Structure formats: structure tokens, C-alpha cells
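Not measured: the values here are computed from a predicted model. The figures here come from the full heavy-atom set of this structure, side chains too, leaving out hydrogens, waters and symmetry mates.
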Amino acid sequence: MEPLFCSMGRARGRAPLALASLLFVWGCVGGNVEVGRPVTRVDPSKETRTTGVGIESGNIEEVADKMVRSILNAPVIARAKNTPTVALLPVKNNTRFPINKKIFLAVIKARLNSQARGRVYFLAREEMAAIQAERKLKRRGKVDFDPRRRRRAVGGADFFLTGRLHGLSTAGRRGVSDTIYYTFKLIDAESSVEVWEDIITIKKEGLDDVIYR
């Protein structure tokens, strides 16, 4: 006996198995399949339905906003005669939550570049290989460039920007509580003096029913 494929009829041709299976399901239920909730665009600084006690986009926005304003008001930046150059050092995560630590510095750097208006410059150390290769091409006459911009070496850092994330957690029958201390600082690249530092503390309580990845 020929197999019955609901109201579809027999699949014709040599359609891939995955497509045939999808059409089979669609035909059997009359096309009324609800596959999850529709995607909705939300404000990253606001809490969502999946908000937990860990580090989330709203916290990153809040931390970056405060640190940018604080850095621009720091005397070593605000009163500098020559525009300071800054290199990034990795952020250390000492909390129980997994987080892409580069996000904090990436957001802070982008906002400073947007708002500082030439009061601070960042060094593209992650692109050093490409920069060195381009310098060699210029000096060998392979590509043209303005000789007035020639420098003996790439720019050095006046300051390093880095941070630490420290966590304090408690748990009980009524849920969990997490306090995270976000600290960032500027370090003088010559003297090792910490010329600026700021902190913001965020505490959350809840059932902790959210998985962080």
C-alpha cells in the first residue's frame, strides 16, 4: 500500500529529505505551527524577561557610561597638554559568572573615541602585525605615503586601561544574592603609578533561574 502523506500527496522529484520532512509536518497540521515567540527588539539598558542576577547588557551599559564620564574628568586626561595615548590590558573576571571580558573595554573605548573629541587616543595594539607590515611596504617603496608622517617607531602608550570584576554571592531557600564590584583604572606606562581609578557596585537578588553563557 502506498504511504499516506496527509493532504500533501506523494512527494515528487528528488527533493532533499529535510525539505520533504518539513513539508510533511506542515501538511499534517495544516500549516498552523507556532515555533517560539516572535523576535522583539529591546533596549539593551533595560531589564528583559530573562533577567537574572548575573552580568547582563544593562550592567555593561551602566558601567561603561560611568567610566567614560569619570575618565574624561580625570586630571591626567582633562588637563593634559598633549593628547594622552592609551593601550588596553585584559580585564580580570573574579566573579562566578562567565562573561566575555573584552566587551567592557570595547564599549568603553568606543564611547571614549566618540565622546572624547581628540582628548585621548587609543593604540591599536591588536592590529600590530598589520601595522608593521604596512610600515615595511612604505619604507621599501612598495606603496606611497606622506614622508612627513614618517616615525621611527609606532606610538607608545602613556597609560594602560584595565579593570577587575569582583563578586560576592550568597544563596538560601528564598533565592540568591550577587554583588559585583566593577573597578577600572589607568596606569602610567612609565612609572606604574595608578593615576585614575573608579568603581561601581551592582547588587541583584532573585531566584537565579537564568543560564549565562
Side-chain angles (χ1 to χ4, degrees), residues 43-48 50-80 82-128 155-172 175-208 210-213:
D43 186 340
S45 64
K46 305 298 182 181
E47 293 186 353
T48 65
T50 57
T51 294
V53 296
I55 303 170
E56 300 176 339
S57 62
N59 307 131
I60 296 174
E61 294 284 327
E62 182 179 356
V63 171
D65 182 64
K66 177 175 181 177
M67 296 306 163
V68 166
R69 288 186 282 107
S70 184
I71 289 173
L72 292 178
N73 289 323
V76 293
I77 302 298
R79 301 175 186 174
N82 299 315
T83 303
T85 54
V86 179
L88 303 179
L89 293 180
V91 170
K92 293 186 178 180
N93 179 18
N94 298 320
T95 74
R96 70 184 182 93
F97 301 104
I99 181 69
N100 182 353
K101 298 173 292 186
K102 293 183 178 180
I103 294 179
F104 286 97
L105 291 182
V107 175
I108 292 173
K109 182 173 75 69
R111 292 191 176 179
L112 278 173
N113 278 332
S114 174
Q115 301 175 26
R117 299 180 181 179
R119 284 189 285 167
V120 60
Y121 292 137
F122 285 91
L123 300 176
R125 289 289 171 82
E126 293 185 351
E127 313 299 335
M128 186 62 74
D158 295 317
F159 305 109
F160 291 117
L161 174 62
T162 186
R164 301 287 190 276
L165 280 58
H166 299 284
L168 180 63
S169 303
T170 59
V176 297
S177 173
D178 276 270
T179 305
I180 300 179
Y181 303 88
Y182 303 84
T183 63
F184 288 83
K185 59 187 174 182
L186 284 174
I187 304 171
D188 190 301
E190 285 289 334
S191 67
S192 79
V193 173
E194 296 179 359
V195 296
W196 165 88
E197 185 173 22
D198 208 340
I199 183 173
I200 181 171
T201 305
I202 298 177
K203 183 174 183 178
K204 297 181 182 179
E205 296 180 343
L207 297 177
D208 194 25
V210 175
I211 298 176
Y212 293 91
R213 298 176 179 176

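- Separating the CG atom in Asn113 from the NZ atom in Lys109 is a distance of 5.5 Å, to the nearest 0.5 Å.
- Checking side-chain atoms of Thr162 against main-chain N and O of Pro90 turns up a donor-acceptor pair under 3.5 Å.
- Atom-to-atom distance recorded for Leu165:CG and Ile202:CD1 is 9.5 Å, nearest 0.5 angstrom.
- Listed here is the closest heavy atom pair of Val76 and Ala80: O-CB, 3.3 Å.
- Annotation: side chain of Tyr121 is not in contact with side chain of Pro84 (no heavy-atom distance under 4.5 Å).
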**OP:** Please report the C-alpha distance between Glu62 and Ile200 in whole Å, then the side-chain angles of each, then the deciding distance to 0.1 Å, and finally whether the side chain to side chain contact (heavy atoms under 4.5 Å, CB included) criterion is met.
**Re:** CA-CA 9 Å; Glu62 182 179 356; Ile200 181 171; 3.6 Å; yes
Original post:
Where do Met67 and Asp198 land on the side chain to side chain contact (heavy atoms under 4.5 Å, CB included) test, with the steps shown first?
Top reply: CA-CA 7 Å; Met67 296 306 163; Asp198 208 340; 3.8 Å; yes
**OP:** Begin with the C-alpha distance, continue with both residues' side-chain angles, and end with the deciding distance and a verdict on side chain to side chain contact (heavy atoms under 4.5 Å, CB included) for Phe104 and Ile60.
**Re:** CA-CA 6 Å; Phe104 286 97; Ile60 296 174; 3.9 Å; yes
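- The two residues Ala64 and Val107 have their closest heavy-atom pair at CB-CG1, 3.5 Å.
- Taking CG from Leu89 and NZ from Lys92, the interatomic distance works out to 9.5 Å, rounded to the nearest 0.5 Å.
- Remark: the Arg164 side chain and the Thr183 side chain contain no N/O donor-acceptor pair separated by less than 3.5 Å.
- Listed here is the closest heavy atom pair of Ala189 and Ala157: CB-O, 3.2 Å.
- Atoms CG and CZ, from Asp178 and Arg96 in turn, are 4.0 Å apart once rounded to the nearest 0.5 Å.
- Side-chain contact between Ile55 and Tyr182 is present, with at least one heavy-atom pair separated by less than 4.5 Å.
- Taking all atoms of both residues into account, the shortest heavy-atom contact from Val176 to Ala171 is CG1-CB, 3.7 Å.
- Rounding to the nearest 0.5 Å places OG of Ser70 at 14.5 Å from NZ of Lys185.
- The two atoms that bring Gln115 and Arg119 nearest to each other are O-NH2, 4.3 Å, heavy atoms only.
- No side-chain heavy atom of Ile180 sits less than 4.5 Å from a side-chain heavy atom of His166.
- One N or O on the side chain of Asn73 and one on the backbone of Arg69 form a donor-acceptor pair closer than 3.5 Å.
- Rounding to the nearest 0.5 Å gives a distance of 10.5 Å between CZ of Phe159 and CD of Glu190.
- Panel note: side chain Asn93, backbone Phe97; a donor-acceptor pair is recorded below 3.5 Å.
- Side-chain contact check for Phe160 versus Leu123: every heavy-atom pair is 4.5 Å or farther apart.
- Each of Ile71, Leu186, Leu112 was compared with Val86 under the side-chain contact (heavy atoms from CB on, under 4.5 Å) criterion, and only Leu186 meets it.
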Subject >> CA sep, side-chain torsions, deciding dist, call: Val91, Phe184, side chain to side chain contact (heavy atoms under 4.5 Å, CB included) >> reply: CA-CA 9 Å; Val91 170; Phe184 288 83; 4.0 Å; yes
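- Side-chain atoms of Arg111 never come within 3.5 Å of backbone atoms of Ile108 as a donor-acceptor pair (strictly under, hydrogens ignored).
- Between the side chain of Lys66 and the backbone N or O of Ile199, at least one donor-acceptor pair lies under 3.5 Å.
- Annotation: side-chain hydrogen bond (donor to acceptor under 3.5 Å, both in side chains) contacts of Arg125 (sequence neighbours excluded): none.
- At least one donor-acceptor pair under 3.5 Å links the side chain of Thr85 to the backbone N or O of Asp158.
- Using a 4.5 Å cut-off on side-chain heavy atoms (C-beta onward), Glu56 and Lys204 make contact.
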